[in-house]
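What follows is a single structure, written as structure tokens, with notes after it.
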There are 2 protein chains.
Amino acid sequence: MKTPTRKEEIIKSAAKLFLERGYSAVTMRDLAKELGIKAASLYNHISSKHEILESLIISVAEEFTVGMNQIFLSELSTLEKVEQVIHLHIDVTVKNQDALGSLNNDWMHLEGKALPYFEQMRNQYEENFRQIIKSGIAEGSIAARDPEILLFSVLSTLRTLYLWYPKKNSIDMQTLKADMTATMLASIRA
Amino acid sequence: MKTPTRKEEIIKSAAKLFLERGYSAVTMRDLAKELGIKAASLYNHISSKHEILESLIISVAEEFTVGMNQIFLSELSTLEKVEQVIHLHIDVTVKNQDALGSLNNDWMHLEGKALPYFEQMRNQYEENFRQIIKSGIAEGSIAARDPEILLFSVLSTLRTLYLWYPKKNSIDMQTLKADMTATMLASIRA
DNA sequence: GTCTATAGTAGGATAGAC
DNA sequence: GTCTATCCTACTATAGAC
């Protein structure tokens, strides 16, 4: 637990406000007020509003990408892989609660190379998940339904976890993971 | 198929842009350009940018509310009710594709009475769905897991349909409804 | 590291001509 | 019903003092 730098504090506060109101609706004055300083002072630590968004989204996207690649390339069974992906999502969501809002709703405001970079990560992630589901269908461990519907059904729940998790912090993590995983596996299992 | 009024055209174009970029990031100049007119001309048909948002969100929210109330008060079995709710979501999403983006991501920018009105409809909708799921668990037709997780799992998928549906318009509606319903019912059925 | 002051731009909205 | 011109406000970001 090192002391956060001022830059980290700014990014953390920004994530919270972006989640509540969206990137475009949050002004640098809002952000400064949240930190108890003036807007101009922010620029001693960050170079632009865009830099904050990029930093938020790209770091979380990379976390998902690394985790998914490990699972995809592992020797686990198909259903174990799906289970690991679900756990990955829960872990990343718990660790980056607020940033998930920007990743889901403000990624289109990324600029320059960051946008195609993000889109490429997102596509690759989806493609890996799609392959896992398809091989599950082929081997009979996953229900023989349209793989796109199965993919969408699971992904939509995982991607929306960030909206729901904060309200339920009374449930302990073990129960959450177990029950969540059971529900999602039930929806795709053969 | 009556000819749409200019106001309806404006609202429709706005829904499309709000979906792509979010309410706050779309300017009246953007919207005017989309319609091939100047920003000032918009005000001959609408009184403010907010009015557009409110009109978009409230009308769809009311459609959901009316549909849910009918289902909730019907004599159907619990699983049939869940099935009807899924069909309601698919139908409303297909009919109001773009507006669903605002409903999901820009509701917090509603002003005045519209915000509490929307929140009340949303809460009542969720509460009705929660009751359906709970009585299913009580009677044994729905799996004996945490009802909040079941509710969230189904709702998150239904609420995200609008993001996914437009990409899949090759699938015909019958297949979509059937497969979607099967997948979601599988995730909660006992 | 934060401040005040301010440049420069872009936003929502109105007035009044055509 | 649309236009041009414009008001007023608020935005991101910079300059320079402390």
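No hydrogens or angles considered: nothing links the side chains of Gln84(A) and Glu80(A) as a donor-acceptor pair under 3.5 Å. Side-chain contact check for Ser141(A) and Arg189(A): no donor-acceptor pair (N or O, by modelled atom type) lies under 3.5 Å.
For DNA chain D, no neighbouring residue in residues 11-19 of chain A is found when judged by any heavy atom under 4.0 Å.
Hydrophobic clustering (ILVMFWY, side-chain heavy atoms < 4.5 Å, transitive): Leu76(A) and Ile86(A) are in distinct clusters. Residue Met121(B) is grouped with residue Met108(B) when hydrophobic side chains (ILVMFWY) are merged at heavy-atom distances under 4.5 angstrom, including chains of intermediate members.
Bracketed by its first and final contacts, the part of DNA chain C lying under 4.0 Å from non-hydrogen atoms of chain B reaches from dG11(C) to dA15(C) in 5' to 3' order.
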Residue pair Leu163(A), Leu100(A): steps toward the side chain to side chain contact (heavy atoms under 4.5 Å, CB included) verdict: CA-CA 9 Å; Leu163(A) 282 177; Leu100(A) 269 286; over 6 Å; no
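Between Phe152(A) and Trp164(B), the two ring planes are parallel [angle under 30°; tilted spans 30° to 60°].
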Set out, line by line, the N/O atom pairs under 3.5 Å between protein and nucleotides 11-15 of chain D.
residue: dT12(D); atom: OP1; partner: Lys49(A); partner atom: NZ; Å: 3.2
residue: dT12(D); atom: OP2; partner: Met28(A); partner atom: N; Å: 2.8
residue: dA13(D); atom: OP2; partner: Tyr43(A); partner atom: OH; Å: 2.8
residue: dA13(D); atom: OP2; partner: Lys49(A); partner atom: N; Å: 2.9

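A distance-only check finds a donor-acceptor pair linking the side chain of His109(B) to the backbone of Arg21(A) [under 3.5 Å].
Residue Lys12(A) places its NZ atom among 12 or fewer non-hydrogen atoms of other residues, nucleotides or ligands, all under 6.0 Å distant.
Contact between Lys81(B) and Phe72(B) at its shortest, heavy atoms only, is NZ-O, 3.4 Å.
Annotation: side chain of Gln120(B) is in contact with side chain of Tyr117(B) (closest heavy-atom distance under 4.5 Å).
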